[in-house]
Amino acid sequence: MLNKFFRFSSQDMAIDLGTANTVVYVRGQGIVLNEPSVVAIETVNGIKKVKAVGDDAKMMMGKTPDSIEAIRPLRDGVIADIDVAEQMIKHFIHKVHGQRRMFSYPEIVICVPSGSTSVERRAIRDAASNAGASQVFLIEEPMAAAIGADMPVTEPIGSMVVDIGGGTTEVAVLSLRGLAYTTSVRTGGDKMDEAIVSYVRRHHNLLIGESTAERIKKDFGTAQPPADGVGHTLHIKGRDLVNGVPKEISINQGQIAEALSEPIGTIVEGVRIALENTAPELAADIVDQGIVLTGGGALMHGLDEHMRDETGLPVTVAEDPLTCVAVGTGRAMEDPIFRGVLLTA
Ligand SMILES: Nc1ncnc2c1ncn2[C@@H]1O[C@H](COP(=O)(O)OP(=O)(O)O)[C@@H](O)[C@H]1O
Ligand SMILES: [Mg+2]
């Protein structure tokens with residue numbers, strides 16, 4: 001076996017298999033792929049076939065004909081559809097390696113949500129093995145997020161990371177390479193999108209798609225109501241619920257903040273519960289170290305400030321929240337200091 005001699009292969013990779021985005025990091029190269037965790041499946045004569053994966057599949061979401069279905073196999077933080085998830089992992093691995101044969105059987109490190117069951121972990125491991133990995137390691141997602149955010153995980157200092165993804169928010173207290181406390185809240189960016197969809201439906205009788213809601217959230221969403229209560233006004237198009245025709249309405253940032261307040265409140269509550277369950281010595285460290293936000297949800301305007309107000313603790317957003325977990329997973333693979341945090345089972 002070649003990789004017995006060349007212990008580390010330049011094809012080794014670290015994968016952040018997120019509910020919204022999959023990010024791949026290759027040893028010695030850094031991030032080489034960042035695409036939505038979406039698979040478009042076409043059914044022809046009862047037989048299902050992968051039509052598109054990643055960016056191409058996401059563009060089809062909400063716009064597919066009846067024969068094509070755009071699926072997010074990890075949607076709520078668990079693997080909703082293992083077969084589709086496996087196809088997706090294989091597709092991305094092959095995309096990274098091009099048409100080239102994998103001559104050296106790479107090692108693959110994949111992060112898993114800390115709340116995932118042993119069955120889910122096995123499923124992820126098997127999918128990576130089936131895709132051609134010689135050895136698969138897993139790493140707990142909050143640990144990867146903390147390493148990627150340059151937090152002091154190897155020191156006897158308590159720190160808190162809050163990773164806000166699409167399907168879930170992972171809250172963890174770390175110290176000495178271990179997770180002292182973790183909790184997973186099934187609220188993340190998706191629930192924020194849904195909150196905007198339902199607000200617009202209730203208050204304006206307008207039906208909008210999730211992709212439209214996500215765009216509104218990213219461009220105009222805010223965790224803090226604007227100073228004048230109104231902020232920017234935007235025009236959004238959708239289908240009128242009463243007469244079924246397309247129409248346009250206007251909505252302001254104050255209203256969007258109102259729509260987002262419930263899912264954001266749920267996330268803050270998760271943080272509060274974690275703080276209440278943290279040992280006093282570690283809690284004391286968190287007062288000094290503060291809370292670090294990672295994941296795409298950390299980009300929500302005003303969220304750090306809101307969390308600061310709600311917890312009374314310092315809150316910072318990691319430098320590149322969308323790639324933190326992949327970078328941390330990659331570093332855990334590359335750096336001997338961190339290899340101890342990798343899980344084999
Ligand atoms: N600027 C932004 N403001 C608010 N939410 C954002 C922003 N950018 C991305 N997001 C949200 O972050 C989520 C994706 O984050 P990510 O960390 O990639 O999730 P996951 O790890 O679950 O794949 C999506 O719900 C997306 O809408
Ligand atoms: Mg994530």
For Tyr181, all residues meeting ring pair (Phe, Tyr, Trp, His ring centres under 6.0 Å), sequence neighbours excluded: none

Ring pair (Phe, Tyr, Trp, His ring centres under 6.0 Å) involving His232 - partner list, sequence neighbours excluded: none

Holding to side chain to side chain contact (heavy atoms under 4.5 Å, CB included), I want the full list of residues that pass it with [X], two or more places apart in sequence or in another chain.
X: Asp55; value: Glu35, Pro36
X: His301; value: Thr222
X: Thr169; value: Val162, Ile164, Val171, Val185, Ile267
X: Asn130; value: Glu86, Lys90

Which residue pairs pass the side-chain hydrogen bond (donor to acceptor under 3.5 Å, both in side chains) test with at least one member in [range], sequence neighbours excluded?
range: residues 239-261; result: Asp240-Lys247
range: residues 196-209; result: none
range: residues 36-53; result: Thr22-Ser37
range: residues 211-220; result: Lys58-Glu214, Asp193-Lys217

Ile264 vs His306 side-chain heavy atoms within contact, under 4.5 Å: yes

Backbone N/O of Thr19 and side chain of Arg72: donor-acceptor pair under 3.5 Å: yes

Side-chain donor or acceptor of Glu334 paired with backbone N/O of Gly28 under 3.5 Å: yes

For Asp285, all residues meeting salt bridge (charged side-chain N to carboxylate O under 4.0 Å, His left out), sequence neighbours excluded: none

For Asp16, side chain to side chain donor-acceptor pair (under 3.5 Å) partners two or more places apart: none

Shortest non-hydrogen contact between Ala70 and Val38, atoms and distance: CB-CG1, 4.2 Å

Pi-cation contact, Tyr25 with Arg331 (under 6.0 Å, within 45°): no

